[in-house]
Asks: 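Have a look at this one before I ask anything.
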Amino acid sequence: MTEHFTNISKIKYEGKDSKNPLAFKYYNPEEIVGGKTMKEQLRFTMSYWHTLTGEGQDPFGVGTMERPWTGEKDAMKLAKIRMEAAFEFMDKLGIDYFAFHDRDIAPEGKDLAETNKNLDEIVAYCKELMERYNKKLLWGTANMFSNPRFVHGAATTCNADVYAYAGAQVKKALEITKELGGENYVFWGGREGYETLLNTDMKLEQDNLARFFHMAVDYAKKIDFTGQFLIEPKPKEPTKHQYDFDVATVMAFLKKYDLDKYFKVNIEANHATLAGHTFQHEVALARINGILGSLDINQGDMLLGWDTDQFPTNIYDATLLMYEVFKNGGIAPGGLNFDAKVRRASFEAEDLFLGYIAGMDTLAKGLKVAHKLLQGGELEKFVEDRYKSFTEGIGKDIVEGKTNFEALEQYALNNSCIKNKSGRQEMLEAILNQYIFNE
Ligand code: XUL
Ligand code: CO
């Protein structure tokens, strides 16, 4: 098979003193951290859209990316070249998993039947390459936001014909995800939301979205697709009010519509920050509620208010993320999917490798620091002591549900000395720093 990234060879681990930009400094796939190899802990995943399909266009200009396939006009030939390049890319970086939207991998045809035929042809080729390279599908999803037919949404559209098309699309996407052994299936709301209530029946839209999810659950059972269903929250972009705003909103929706036993969440860092949360907050909230499914790792630019999908290079965020992942007992069957793209000005193919290396090294280092932090236990000990009043006396009664307002009033009337202790935030931040500096 033709080699596409001819000037790049396999990326190796060279250790922290290496000055080779095309080498890992911290990601050492076989190194054991917390009882498992880094590779097993991190479950790195290549996003097909940003890596193979994205061309670097922005609202002010066309694509800038220089790729080995740039200029190929035949849509199916292009899809095949990209597929080959995808596996070469994963192989050279040592990434085991990938994730895709149906429309990333194969072009739309003149109608749905032809579109499905295109998809089948590419999926067969994909399966062959997966076997040859020993790669796995973390998740599949359906792109129900790019084509103009989805202008008013897909499962929340005002047009029943579009709703039907979306149903047909997810049916097919579930079939191909199963065919490729996908371990999860993601629903990201795309255009599921609204711009103005002047033209929107919000109740009908949300009820229809729930009906859509129930149909997906039913169909998965029918075809025996056993992968985990995930919803990916995002607060805005493309619509002003996205229905899956954040983890808390998704939880309430799932509960209301009796869907909570079928879904977990796929949390994306930049989506969390757009919702006004830290990534850690969203991940922790999902974890304590038992619905942490998978992660789209990237980072935003705090000076910009949109989804910049940058490669994650912030060691503080990486450490706190991996700290939550450890507390969750790992992320499988989810993974760490690089929903990240190189900047428009980083247009050479080499930049794609450099972006992934930067992200993989940052997460690897975060994994190691988080593991040490948990072993050290200072943060856990501090939190435990901070809530000690709930382990005895009135606090214990509260936690065990043995009290009521009258009893609390009696206690408060008899208690003349309320004393609080410092939260010691600065000290805790210094401890975190120390682990990052020393590891
Ligand atoms: C969009 C986004 C998507 C999903 C998959 O912001 O994150 O790429 O991850 O549809
Ligand atoms: Co995402």
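Remember, it's 1-based here, ligands and their atoms both numbered in the order they're listed. Because the structure is predicted, anything quoted here is derived from the model rather than measured.
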Asks: Run the contact test for His271 against ligand 1 with a 4.0 Å cut-off on heavy atoms, strictly below, and give the result.
Replies: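 So His271 counts as touching ligand 1.
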Asks: Does Arg82 pair with Glu55 as a salt bridge, N-O distance under 4.0 Å?
Replies: yes
Asks: Is the closest N or O pair between Asp339 and ligand 1 shorter than 3.5 Å?
Replies: yes
Asks: From the N, O or S atoms in Glu268, identify the one nearest to the Co ion (ligand 2).
Replies: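 It is OE1, the N, O or S atom of Glu268 closest to the Co ion (ligand 2).
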Asks: Which atom name does Asp296 have for its N/O/S atom nearest to the Co ion (ligand 2)?
Replies: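 Looking only at N, O and S atoms of Asp296, the one nearest the Co ion (ligand 2) is named OD2.
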Asks: So does Glu439 pair up with Lys365, basic N to acidic O under 4.0 Å?
Replies: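 Here Glu439 does not pair with Lys365 in a salt bridge, since their nearest N and O are not under 4.0 Å apart.
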Asks: Please determine if Glu84 and Lys80 form a salt bridge, counting it only when a charged side-chain N lies under 4.0 Å from a carboxylate O.
Replies: no
Asks: Taking 4.0 Å as the limit for heavy-atom contacts, which would you say applies to Asp307 with ligand 1: side chain only, backbone only, both, or neither?
Replies: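 The side chain, only.
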Asks: Under 3.5 Å between any N/O of Trp188 and any N/O of ligand 1: does that happen in this structure?
Replies: no
Asks: List ligand 1 atoms under 4.0 Å from Asp296, heavy atoms only on the residue side.
Replies: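 Every atom of ligand 1 under 4.0 Å from some heavy atom of Asp296: 9 (O).
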Asks: For atom 5 (C) of ligand 1, grab the closest protein heavy atom and report residue, atom and distance to one decimal in Å.
Replies: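 Checking every protein heavy atom, the shortest distance to atom 5 (C) of ligand 1 gives His101 NE2, 3.2 Å.
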Asks: If you measure from CG on Leu292 to CG on Leu285, what distance do you get to the nearest 0.5 Å?
Replies: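 Going from CG on Leu292 over to CG on Leu285, the span is 10.5 Å.
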Asks: Please confirm whether the ring centroid of Phe44 lies under 6.0 Å from the ring centroid of Tyr27.
Replies: yes
Asks: Are Phe253 and Tyr243 near enough that their ring centres are under 6.0 Å apart?
Replies: no
Asks: Please report whether the ring centroid of His371 lies less than 6.0 Å from that of Phe326.
Replies: yes
Asks: Quick check on the Co ion (ligand 2): does Glu232 put an N/O/S atom closer than 2.8 Å to it?
Replies: yes
Asks: Can you tell me the N, O or S atom of Asp339 that's nearest the Co ion (ligand 2)?
Replies: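 In Asp339, the heteroatom (N, O or S) nearest the Co ion (ligand 2) is OD2.
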Asks: Polar contacts were defined as any N/O atom of the residue lying under 3.5 Å from an N/O atom of the ligand; does this apply to Glu232 and ligand 1?
Replies: yes
Asks: Can the ring centroids of Tyr356 and Phe311 be said to lie less than 6.0 angstrom from one another?
Replies: yes
